[in-house]
Structure formats: structure tokens, C-alpha cells
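Every chain is numbered from 1 and lettered A, B, ... according to where its sequence line falls, protein lines coming before strand lines.
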Amino acid sequence: MDWLSKFPNMNDEALTALKKAIDDGFRAFTRSYGDGIEEFFEPLQYFLVQCERFMTGTPWPIILLLIAAIAWFASRSWKIVLGCVATLLLIGYFGMWADTMRTISMIFVCTVLAIAIGIPIGIAMSLSNRLQSIVNPVLDIMQTMPSFVYLIPVVMLLGIGKVPGLIAVVIYAIPPIIRLTNLGIRLVDKDVLEAADAFGSSGWQRLKNVQMPLALPTIMAGINQTIMMALAMVVIASMIGVQGLGQPVLKAIANQYFTLGVFNGFAIVGIAIIFDRVSQAYGRRLQKHREVIHG
Amino acid sequence: MANPVKSNYGIEIKNLYKIFGASAAAYVDHVKKGMTKTELNERYGHVLGLKNINISMPSGSIQVIMGLSGSGKSTLIRHINRLIDPTAGEVIVGGVDVVKMNKRELRDFRRHQTAMVFQKFALLPHRTVLDNTVYGLEVQGVPRAKQVDAAMHWIERVGLKGFEKRYPNQLSGGMQQRVGLARALANDAPILLMDEAYSALDPLIRMDMQSVLLDLQKEIRKTIVFITHDLDEALRLGDRIAILRDGEIIQQGTSQDIVLRPADDYIANFVKEVNRGRVIHVETVMSPLGSGGPAQAIMVPAGTKLDAAARKLMQSKQSEIVVVDSKGNSLGRLSLAQITSAMVTPAAREEQAAGIELAPVI
């Protein structure tokens, strides 16, 4: 009756051998292909470094003006612009300017990458039910798998630094944009699609003229979610060498510096609010034509 | 009368069947051998959409297809530009079978030979009136300047001048459908498909839009296929009318045929509510000229409705009218008594129709 009280698991030697075999296999893979993969990500590294150099190297008033200008063109709202400027001034006054710039540059690169990869996948997914049934479970895994778990292979392959951090953040943050692009395109009014077909649109014309513009508000919501999730990963990414607001937080955890943690935490919240308000206001402006004035 | 360039764009639908379901093709023969819609649905779980449709639509005229909801009329019009693929049959437009076209040919056909107006307008909400109107031309790859020229012309013709920069949501339903019409006309295709185009509009605006269409048709002379569930609309617009019920055509003919000689009780029941004075033409009910017609009769052109003829007769205080053709030749004569009796629904049919309604009570 031993099997009732103790779960009849695989015997310990076999289990150890299995884990060791997989580990050795992956280590061997890392050794033979690690350099090649690192080279493959070289342009990304370059992009990241340039972006960070720009953000930290440019005098702060210029960056402040630039961000204010972007906020203005996206939202056309003085309230939002003033909010952005005030938040950034406050962050700078409390001595977190450089770290904040590094974090913003990281989030910017992550978002660009997530959009560049996520939207095409989302479009492909919306066009094929089979692809959707394959991609959906993968996205589920990406969202629920604890991020520390996939940090391990990424670090083994690429070591510690900006690029592995970026990859970890993108893996975590890309699902919403893929899902919402797919959803947005699938929700496009069937009557309008039929009209596009009736006028002889090609597949590309249909996508460009009808599906993407009508799905845009949903896609914008996806981009907004992606940015928020990328920000949530900042602290975890700092564990593998990504500089920015995450590192002081990490230091605060290790040494129980309460105030340091709170200050940097609020700085992250501050830039999250800036990103969120600006991107949402932009999304709303894209939908201006939906305002009903007559009938 | 028809424009010679467009004259060969009649539409010929032959032996068309549409069955909805997973293995539709397998059941066409069953249906051809006489299986009913109910039997097909109950035994095999397939829905019979259209059954043995044969219509010949001459070019340059308005063909109305009338039926109640579920009769298959919207399915039928979608076979003409193959938004729906038939299960069996042919749709011949300008000598070419649309059913046999490949993807590229079909796309070209839709771009250049047909244009469509939809019940729910189906405008692009993110584009202005102007950018909606150019859509068909844009898809064809026409240069932008030409697109705008054509679009502005048609926007003006449908009465939307000054609204080019508005978005569809800023317009009323009637105005949105004008945009739909302008978009279809800007395409300059010989065939215009109108799928319950006016059904979503309120009655006054619908009348107004019918007039717009009839006025335009005098000039554009396109082959128009107009779907409706409203018999009055069908009689007002249709050069020819086909009545569809449960996926089958139960009567085809001119408005005069439908009103004066309904094929069965179902149609008769519809027709009895019609204002006959506004539908029946004088030449349909006139009697031969004979000899020694009245010297002072008033002339009325063929195609005049009884209603208008009666009004003229009353005003002139004559006893008879003479029907003349466009060249002024006399065709026949008509007295006030004849007009009145033609305008009243025949007693026999009235009783018959009443009988149908009363039957369940007894």
C-alpha cells in the first residue's frame, strides 16, 4: 500500500538523468550557437545603445521640450502636456533623471520591437483560424510563465546585458498587441468588408483601406497594454543588467532602503501615467470621426 | 434608347441553385428531383436558398426582385457579382459566365462591370464623404485627380454638394445612402446592384430617393437590379419585376402584369392593397380606337397612370381621352367609366382575398 501514501513518481536516478541530459543539451547548443545568436542581435544592441545615448546625452531641457511636443501632437490637450512636464520635472528634482531616461529609452525600443513583430503576427492570425489556434496557447504560456523561468535560457544564450533584458521584456509584453490586433481585425463590420469586396478590392487593399483603419482603436489599446506591461518588467529586467529605474529598486530590496524604493517606484508610476494618457488620447483622436453630430 | 456601349450588359441567370450547408453540391440532384425545402432541412440539415432561378434582365432597365424576408432575394443579388458562390447554375453577364471566372477575372469584373449599394450603407466610417465616393476608382487605380473629379460630379448629382468633408456619422440615414449611391455611380459600371438600398430609410425619404434614382436612370441607362420587400417600391421603380418566395420565382413580368394578372393567391393578396390608379397605365386598359372617335377628346401620352389621366379628364370636362404614343399617333380610347372600373380592385378578387383571410375563422 506504499503507492497510496507516496505518489508513484519516476525514480530519482532517471529524473536526474533526464534533467541533466536536457541541461547538457542546451549547454552544448549555447556553446556552439551562442556567438551566432549574439551576432544576430547585434543591430538591436546598437539601436538600444544609440537610443540610450541620445536620451541621456542630450541636455535635459531639450528632452523635456521634445516629450512635451510629442504629448501635444498626440493629444492636443494642454492638460496632458502640463501633466507630463510637471511629472518629469518632479522626477528630475528628486535626482532620478538619468535613470528615468534610460528606462524610457528601453521602453521605447521594446514598444517599437513589440509593434514591429506583434502587428504582423496579429494580422496573420486574424486571416487564418488555424494559425490562431496555434498562436493562442503560445501567448497563454508567454503571459503566465513566470518571467524568471525564461530569463534563465536567455541569460545562458546571451549573457547579462541590455539585449537579454530587452528580449525578456518583449516576450512578456508582446501578447496584448498580438491578441488585440487579431481581435480588432476580426471585429471589423462584415457589411463594410462585403462592400470592399463588391468594389473589387484585393486582399492588400482590403487590409490597408478597411481592416487596419477600422481595427486601429483596438490595436491602439493593445499598444497601450504592451507599454504598461513592459514597464511592469523594468525591475525584473534590471536583475540581468538592464540599467534604469529598476536597479535602485533592486538595491532597495536588498538593503531595505524604504525611501529609495518608494521614490523610484513612483518614478515608474509617473512615466507609466505619461505613456498611458498620451497614447490613449492619441487613440481617441484617431476615432474623432465616430462622434455623432447628426442622426 | 439604350447606350450602345453598355447595351450588351444584360444579365442572364440560368438554372441557378443555392444550397447552404457543408456538402451542398451533393443535394442539388435531390432538389432537382423535387425535394422540398422542409424535407432537405429536416432530413439532411441543409438549407435551400434558391431553387431553379431563371431571369433574363435586359440591359438599361430596372429589374426589381421583390420578396419578403427569408425569400432569398439578398442571396440572389449576391450571385450576380458572386459575393456568394452558387451551388449550380450560370450567371451570364455580357456573354461571360461569372460563375466560371477565376479570382483575378472576378476582381476585374467587380471593379469595372458592377457597383453595389447596400441596405446598411456600408460606408467607411473613417473616411469623409469624398473619400468614400472615390473608393471604387481608388481600387481600380485611377489617378487621384480623376477620382476626385468623378466623385465631385456624383456627389453634386445626388444632392450632397457641400458635404464632401463630412464623415458618414455626421449625416442622416438618407444622406448616408446618397453617399452609397454616389460611390456606386462614380464607379461608372454598367451594372448597378441595389440590395434593399432604401429599406432602412423612412417613407418620405424613401420616396425622395426613388425619384432621385428614376431621374438619374433616364440619363445613365444602367442595368439596375433593385431588391426590395415593398411592393409599392417595386411597382414604382421596376421596368420588370420578379417575385420571389421561399427561394423560388413565382411570377415575373411588368408592373401591369403583376397588378392585373397576379399568378396566384399569394401575390393577389399583396396586390389588393396597391393603389391601382398610380400603377396601371392608360394603354393597358384602353379600348381600340374604332371608327368615329370623339372629335374633341383630349390627348394623353402612353405610360400615363390612370390617376393622372382621370384628373386630366375631370379638368377638361370631356367624356373620353385618346392615348397617343411618343410620335403623336393615336393608340386607343378610354372613358371615365373605364378608368374608374380599372382603378377599383375587381370584386371577385376582393372576395377571394377576403375568403383567404376568413378561412381559419370558419
Check this for me, if you would: do B:Lys165 and B:Asp131 make a salt bridge, where the nitrogen-to-carboxylate-oxygen distance has to be below 4.0 angstrom?
no
Toward chain A, the part of B:Leu123 with a non-hydrogen atom under 4.5 Å:
backbone
So which residue, A:Asp191, A:Asn209, A:Val192, ends up with the most heavy-atom pairs under 4.5 Å with chain B?
A:Asn209
Side chain, backbone, both or neither: which part of A:Asp197 has a non-hydrogen atom closer than 4.5 Å to chain B?
both
Do B:Tyr198 and B:Phe226 have ring centres separated by under 6.0 Å?
yes
Answer with side chain, backbone, both or neither: which region of B:Arg78 has an atom nearer than 4.5 Å to a non-hydrogen atom of chain A?
side chain
Greatest number of non-hydrogen atom pairs under 4.5 angstrom with chain A, of B:Lys120, B:Arg104, B:Arg183, falls to B:Arg183
Taking 4.0 angstrom as the limit, do B:Glu138 and B:Arg111 come out as a salt bridge?
no
Any salt bridge linking B:Asp85 with B:Lys100? Criterion: basic side-chain nitrogen under 4.0 Å from a carboxylate oxygen.
no
Turns out that what part of B:Arg166 lies under 4.5 Å from chain A's heavy atoms comes down to neither
Measure from the side-chain N and O atoms of A:Asn182 to the backbone N and O of A:Ser126, and report whether any donor-acceptor pair falls under 3.5 Å.
yes
